[in-house]
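Positions are given from 1, in the same order as the sequence printed here. In this text the structure is predicted, and so the values were computed from the model without any measurement.
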Amino acid sequence: MTSSPASGRDLPWSHRQSYPTRMTISLLAGAAVGMIGTLAHRLGASANIPYGLVLALLVIVLSAWCARSRAGALGLGVHVAASSIVAWGLAVAPRGSGALAPVGFGDPSAVPFWSEHVGMMWLYGMIVVQVILLFLPKRWFRITVDDDIRPAAHAAAASGTADGTDTGNTAQDKEVQ
């Protein structure tokens, strides 16, 4: 079983775009996951089971991996900036009655540990996990395709027949089609 770097139609849609478009996609993805994570990170915190924080950080890691895979270290930098600006902006923006990322309540005996600290863990954790991705080896962000399991459609396109079979007789193939 061999693998080779993916190219052309084997790459995801966002990886086949021009570099400025890939950077824009990384920017928009960063802003989106910053918003989604900020809305989701508090799930379960009041019961001392911070599954929302775990899911939010997982979404950040997956999106940041895609940004680095799509546009390199600069794409990851754009992703970090966009997600941080959105998350921190939502945390500190003045609002009427509540914050989306509340931090510290003053009386630790009155609220569960995770309710009090999950906001700061989200705001700093999202930056930390993305910076960690920056220092991982470049080869971990390459998309490769196993040559043995390429989709049948690609094999059919390569052989010139609709069903992927090659009879060796082009006149007969034309009659069948």
(message) In this structure, is the centre-to-centre distance between the rings of W114 and Y51 below 6.0 Å?
(response) no
Give the minimum heavy-atom separation between [X] and [Y], together with the two atoms involved.
X	Y	answer
H41	G119	NE2-CA, 3.8 Å
R22	A71	CB-CB, 4.4 Å
A87	G34	CB-O, 4.2 Å
T38	W122	OG1-NE1, 3.2 Å

Could you see if [X] belongs to whatever hydrophobic cluster contains [Y]? Use Ile, Leu, Val, Met, Phe, Trp, Tyr and a side-chain cutoff under 4.5 Å.
X	Y	answer
F135	M126	yes
V118	V54	no
L43	V59	no
V129	L53	yes
I36	L123	no

(message) For the backbone of L134 and the side chain of R68, can you confirm whether one donor and one acceptor N or O come within less than 3.5 Å of each other?
(response)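 Confirmed, R68 side chain pairs with L134 backbone.
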(message) Please check this pair: side chain of S83 against backbone of V80, looking for a donor-acceptor N/O pair closer than 3.5 Å.
(response)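 Flag set: sc S83 to bb V80 pair under 3.5 Å.
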(message) Using 30° and 60° as the class boundaries, would you call the ring planes of Y124 and W88 parallel, tilted or perpendicular?
(response) perpendicular
(request) Using side chain to side chain contact (heavy atoms under 4.5 Å, CB included) as the criterion, point out the one residue from V33, I25, L74 that pairs with H79. (result)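 So, applying the side chain to side chain contact (heavy atoms under 4.5 Å, CB included) to H79 and each of V33, I25, L74, only V33 qualifies.
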(request) Go through T24 and T21 one step at a time and tell me if the side chain to side chain donor-acceptor pair (under 3.5 Å) criterion holds. (result) CA-CA 5 Å; T24 303; T21 303; 5.9 Å; no
(request) Give, for atom CG of L27 and atom CD1 of I85, the distance between the pair rounded to the nearest 0.5 Å. (result)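 One finds 8.5 Å between CG of L27 and CD1 of I85.
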(request) Calculate, to the nearest 0.5 Å, the distance between atoms CD and OG belonging to Q130 and S63 respectively. (result) 7.5 Å
(request) Determine whether the side chains of R70 and S26 contain a donor N or O and an acceptor N or O closer than 3.5 Å. (result)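 Indeed, the side chains of R70 and S26 share at least one donor-acceptor pair under 3.5 Å.
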(request) Taking the side chain as every heavy atom from C-beta outward, state whether F141 and L133 have any atom pair closer than 4.5 Å. (result)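 They are in side-chain contact.
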